[in-house]
Amino acid sequence: MAEYLAITIARQYGSGGREIGERVAAALGIKQYDKELITMAANKGDLDEELLQKADETAANSLLYTLAMGSNLFGSGMAFGYKPPLNDKLFLLQSEVIRDIANRENCVIIGRCADYVLRDHKRKLRVFIFGDLPHRRERVIARHEGVTESQAVDIINKTDRRRASYYNFYTGNKWGKYDNYDLVINSSTLGIEHTADLITLYARKMLNEGI
């Protein structure tokens, strides 16, 4: 039996990546996973969901933990008795949840380094969505009432830096680097609807031909 198709979507802030993922999932009749991954990780690890919410997408900065874990966060080389920070527990639990989902159903996963987590999954479509700054700025202004243009740009820059830091820390790869993905799309050029259509077309080709 062929493996299920996992569509992973990484995105710049304000590029519409979450909405695009929702449209793709709806068009294909499959589920999209985003914030609910935190709830699923909390249940899996029997941890407080509110605490995990606070740790979400915040890379750990513990030098001791980095040294204890070595270069492979998924490895078993942790120093005996060492307790990893909550950030890292969340990443590991979310990674387990993501792999469980990808092994049981076709799915769309938003963020969470899913392209890296599922690097050994045979059927995957790894997408990175970016956009021109003016378009992203306008989306942020529309989303957050009372935000000025300069504040919107500041939010975009800080969020993208945080996402890049998180991804780079946990994967050892570079966030947004084109050869980490199968599709890299400028949503400002196609718009949200047509970007989703393009990804859907690509995914249907893979599903229909068993790629």
Side-chain angles (χ1 to χ4, degrees), residues 7-28 31-39 41 49-61 86-87 90-91 94 98 108-117 125-203:
I7 303 169
T8 67
I9 297 182
R11 74 284 186 214
Q12 287 184 329
Y13 191 70
S15 65
R18 181 177 289 107
E19 181 181 346
I20 289 166
E22 290 172 353
R23 287 173 176 265
V24 170
L28 295 173
K31 290 184 67 174
Q32 173 185 277
Y33 293 89
D34 187 7
K35 291 291 186 182
E36 57 268 48
L37 290 170
I38 302 173
T39 302
E49 183 178 347
E50 186 175 346
L51 291 177
L52 290 188
Q53 289 279 0
K54 293 178 181 178
D56 183 37
E57 290 198 4
T58 305
N61 294 311
L86 190 60
N87 323 63
L90 174 58
F91 179 80
Q94 279 190 149
I98 288 169
V108 176
I109 308 288
I110 303 296
R112 273 78 189 174
C113 306
D115 58 281
Y116 176 80
V117 171
L125 173 54
R126 302 163 300 173
V127 182
F128 186 85
I129 298 171
F130 68 103
D132 300 337
L133 183 58
H135 289 91
R136 292 195 288 146
R137 182 185 63 212
E138 292 309 309
R139 285 184 60 82
V140 172
I141 290 173
R143 185 184 306 167
H144 302 285
E145 184 177 352
V147 169
T148 65
E149 289 190 356
S150 61
Q151 289 172 332
V153 170
D154 188 52
I155 291 170
I156 288 169
N157 289 336
K158 287 180 178 177
T159 304
D160 281 351
R161 282 197 298 270
R162 177 173 57 81
R163 286 179 177 174
S165 175
Y166 178 84
Y167 183 90
N168 298 349
F169 180 88
Y170 284 112
T171 71
N173 295 331
K174 187 174 181 180
W175 183 75
K177 192 169 183 287
Y178 72 91
D179 53 358
N180 290 330
Y181 311 96
D182 303 300
L183 278 177
V184 178
I185 309 173
N186 186 342
S187 61
S188 299
T189 301
L190 288 178
I192 301 300
E193 180 179 354
H194 293 307
T195 298
D197 289 344
L198 177 61
I199 298 169
T200 301
L201 180 65
Y202 199 128

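Because the structure is predicted, anything quoted here is derived from the model rather than measured.
The pair Arg11-Asp160 does not count as a salt bridge, with every side-chain nitrogen at least 4.0 angstrom from each carboxylate oxygen. For the pair Asp154 and Lys158, the salt-bridge criterion is met [side-chain N within less than 4.0 Å of a carboxylate O].
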From CA spacing to verdict: side chain to side chain contact (heavy atoms under 4.5 Å, CB included), Ile192, Arg139: CA-CA 11 Å; Ile192 301 300; Arg139 285 184 60 82; 3.8 Å; yes
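When each of Val24, Val127, Ile185 is paired with Leu198, the side-chain contact (heavy atoms from CB on, under 4.5 Å) condition holds for Ile185 and for no other. When each of Ile98, Val108, Ile109 is checked for a side-chain contact (heavy atoms from CB on, under 4.5 Å) with Tyr33, only Ile109 meets the rule.
Legend: residues meeting salt bridge (Lys or Arg N to Asp or Glu O under 4.0 Å) with Asp182, ordered by chain and number and at least two apart, are Arg126. For the salt bridge (Lys or Arg N to Asp or Glu O under 4.0 Å) test, residues two or more places apart in sequence or in another chain that qualify with Arg18 are Asp34. A search for side-chain hydrogen bond (donor to acceptor under 3.5 Å, both in side chains) contacts involving Ser150 returns Thr148, not counting sequence neighbours. In terms of the side-chain hydrogen bond (donor to acceptor under 3.5 Å, both in side chains) criterion, residue partners of Lys177 (sequence neighbours excluded) are, by chain and number, Asp179. For the side-chain hydrogen bond (donor to acceptor under 3.5 Å, both in side chains) test, residues two or more places apart in sequence or in another chain that qualify with Arg143 are Tyr13. Applying the side-chain hydrogen bond (donor to acceptor under 3.5 Å, both in side chains) test to Arg23 and every residue at least two apart in sequence or in another chain returns Glu19.
Taking all atoms of both residues into account, the shortest heavy-atom contact from Val140 to Gly14 is CG2-CA, 4.3 Å. In terms of heavy-atom proximity, Leu28 sits nearest to Ala203 at CD1-CB, 3.8 Å. Among all heavy-atom pairs drawn from His194 and Leu190, the shortest one is CB-O, 3.3 Å.
If you take OG1 on Thr159 and CD1 on Ile155, they are separated by 7.0 Å, rounding to the nearest 0.5 Å. With values rounded to the nearest 0.5 angstrom, Leu125 atom CG is found 5.5 Å from Ile7 atom CD1. Taking OG from Ser15 and CZ from Phe128, the interatomic distance works out to 7.5 Å, rounded to the nearest 0.5 Å. To the nearest 0.5 Å, the span separating OG on Ser187 from CD1 on Ile199 amounts to 9.0 Å. Taken to the nearest 0.5 Å, the CD1 atom of Ile129 stands 7.5 Å off from the CD1 atom of Ile110. One distance of note links CD of Gln151 with CD1 of Ile156; it measures 12.0 Å at 0.5 Å rounding.
For the residue pair Asn186/Asp132, the side-chain donor-acceptor check at 3.5 Å is satisfied. For the 3.5 Å distance criterion, the side chains of Tyr167 and Asp115 qualify, holding a donor opposite an acceptor.
No close placement of the Trp175 and Tyr166 rings is indicated, their centers lying 6.0 Å or farther apart.
A 4.5 Å side-chain heavy-atom check between Glu138 and Glu149 finds at least one atom pair inside the cut-off. Within the 4.5 Å cutoff, side-chain heavy atoms of Phe91 are placed close to those of Val117. The shortest distance between side-chain heavy atoms of Phe130 and Ser188 does not fall below 4.5 Å.
Checking side-chain atoms of Tyr181 against main-chain N and O of Gly176 turns up a donor-acceptor pair under 3.5 Å. Between the side chain of Gln12 and the main chain of Gly131, a donor-acceptor pair closer than 3.5 Å is present. In terms of modelled atom types and a separation under 3.5 Å, the side chain of Gln32 and the main chain of Ala25 share no donor-acceptor contact. The backbone N or O of Asn168 lies less than 3.5 Å from no partner atom in the side chain of Asn173, so there is not a single donor-acceptor pair.
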